[in-house]
Amino acid sequence: MLTATSGLTQIREHYDGEAREMLRVVLNSTSAAEANLALEVLKPSVPEKALVCACNLREIIRALPSSPFAMRVDESVLARAAGLERHMATLEKTLPDRTELIVTTAGNLVLDIIVRYEGEKLFWNPIPVTDDYISVGVLDRLIESDHLLDAIIDLAQCMGVVLNPKFYLSLEDWHLEYAADVFDGLGGLF
């Protein structure tokens, strides 16, 4: 996963204008067909290395559980392991770039993960998770921050969540992995 977190720089360089919207689809759409179409639109203007990094980040985002979910530890163990501080009914941590990571729990149940930055509160998952894996505002902050992705991966591991995302070396690898899903999804799009 270190490759994916260091790949943020590659993605960041192209995360603006029309490419931003298409990269959001590649990274966040639950539809492999939509992600594939967005990749094809981006190919002429975005280097393959950045697109492969986006595919790898997509797999990390996809592997993270959506709220609410049960974790393998309780609140107190999570707080100690992840370096979170209790504030009223939440567990919180401020990252070096002033992004705040907030977790609401009940025993071993994670009710929600909230990202707060410059006074704006963003819930990790859209409710219900249908079209996107995570909220668009969180995705934007994930790309902009040098610390949020690492903190989320660390948080998930401290929760006892097994993260084993697929890793791609080329776009062809991604296309081969999702070929059947893309063909199934294309029928639903048209």
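Bear in mind that the values here come from a model prediction, so they are computed numbers and not experimental data.
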How many angstroms lie between CG in Leu148 and CG in Leu155, if you round to the nearest 0.5 Å? 10.0 Å
So do His14 and Met22 actually touch side chain to side chain, heavy atoms under 4.5 Å? no
Hydrophobic clustering (ILVMFWY, side-chain heavy atoms < 4.5 Å, transitive) - are Ile114 and Leu139 grouped together? no
CG (Asn56) and CD (Gln10) are apart, to the nearest 0.5 Å, by 11.5 Å
If I compare all heavy atoms of Ala70 with all of Leu109, which pair ends up nearest, and what's the gap? N-CD1, 3.9 Å
Same hydrophobic cluster for Ile102 and Leu149, using side-chain heavy-atom links shorter than 4.5 Å among ILVMFWY? no
Between Ser145 and Asp97, is any side-chain donor less than 3.5 angstrom from a side-chain acceptor? yes
In this structure, CD of Glu18 is separated from CG of Leu42 (nearest 0.5 Å) by 10.0 Å
Roughly how far, to the nearest 0.5 Å, is the SG atom of Cys55 from the CG atom of Asn36? 9.0 Å
Distance-only donor-acceptor pairs under 3.5 Å for side chains of residues 75-87, two or more places apart:
from: Glu75; atom 1: OE2; to: Thr105; atom 2: OG1; distance (Å): 2.7
from: Glu75; atom 1: OE2; to: Gly107; atom 2: N; distance (Å): 3.4
from: Ser76; atom 1: OG; to: Asp74; atom 2: OD1; distance (Å): 3.1

Applying the 4.5 Å side-chain criterion to the ILVMFWY set and letting contacts propagate, would Val46 and Leu27 be lumped into a single cluster? yes
Applying side-chain contact (heavy atoms from CB on, under 4.5 Å), can you list everything that pairs with Asp173, at least two apart in sequence or on another chain? Tyr168, Leu169, Ser170
Could you work out, with side-chain contact (heavy atoms from CB on, under 4.5 Å) as the rule, every residue matching Tyr117, not counting sequence neighbours? Arg98, Thr99, Arg141
Can you name the salt bridge (charged side-chain N to carboxylate O under 4.0 Å, His left out) partners of Arg20, sequence neighbours left out? Asp140, Glu144
Inter- and intrachain pairs under salt bridge (Lys or Arg N to Asp or Glu O under 4.0 Å), touching residues 45-60, at least two apart: Glu59-Arg62
Of all the heavy-atom pairs spanning Ser67 and Asn125, show the shortest one and how long it is. N-OD1, 2.7 Å
Side-chain contact test, heavy atoms from C-beta onward, threshold under 4.5 Å: evaluate it for Ile113 versus Ile152 and give yes or no. yes
Taking every heavy atom of Val26 against every heavy atom of Ala54, the minimum-distance pair comes out as CG1-CB, 4.0 Å
For Asp112 and Trp124, which heavy atoms make the closest approach, and how far apart are they? OD1-N, 4.1 Å
With heavy-atom distances below 4.5 Å as the criterion, would you say the side chains of Leu64 and Ile134 are in contact? no
Non-hydrogen atoms of Leu142 and Leu8 that approach each other most closely: O-CD1, 3.9 Å
Between Tyr15 and Leu51, is there a shared hydrophobic cluster once you connect ILVMFWY residues whose side-chain heavy atoms come closer than 4.5 Å? yes
Verify side chain to side chain contact (heavy atoms under 4.5 Å, CB included) between Val103 and Met71, making sure each step is shown before the conclusion. CA-CA 12 Å; Val103 183; Met71 59 182 167; over 6 Å; no
Taking all non-hydrogen atoms of both residues, which atom of Tyr133 and which atom of Pro126 are closest, and how far apart? O-CD, 3.8 Å
Under the rule for side-chain contact (heavy atoms from CB on, under 4.5 Å), what residues qualify as partners of Val161, not counting sequence neighbours? Pro65, Phe69, Ala156, Met159, Leu163
Would you say the side-chain atoms of Ser135 pair up with the backbone N or O of Gly137, donor to acceptor, closer than 3.5 Å? no
Heavy atoms from other residues, nucleotides or ligands near NZ of Lys43 exceed 12 (cutoff 6.0 Å): yes
Side chains of Leu57 and Ile143, heavy atoms from C-beta outward: is any pair under 4.5 Å? yes
Nearest 0.5 angstrom please: Leu39 CG to Leu171 CG, how far? 6.0 Å
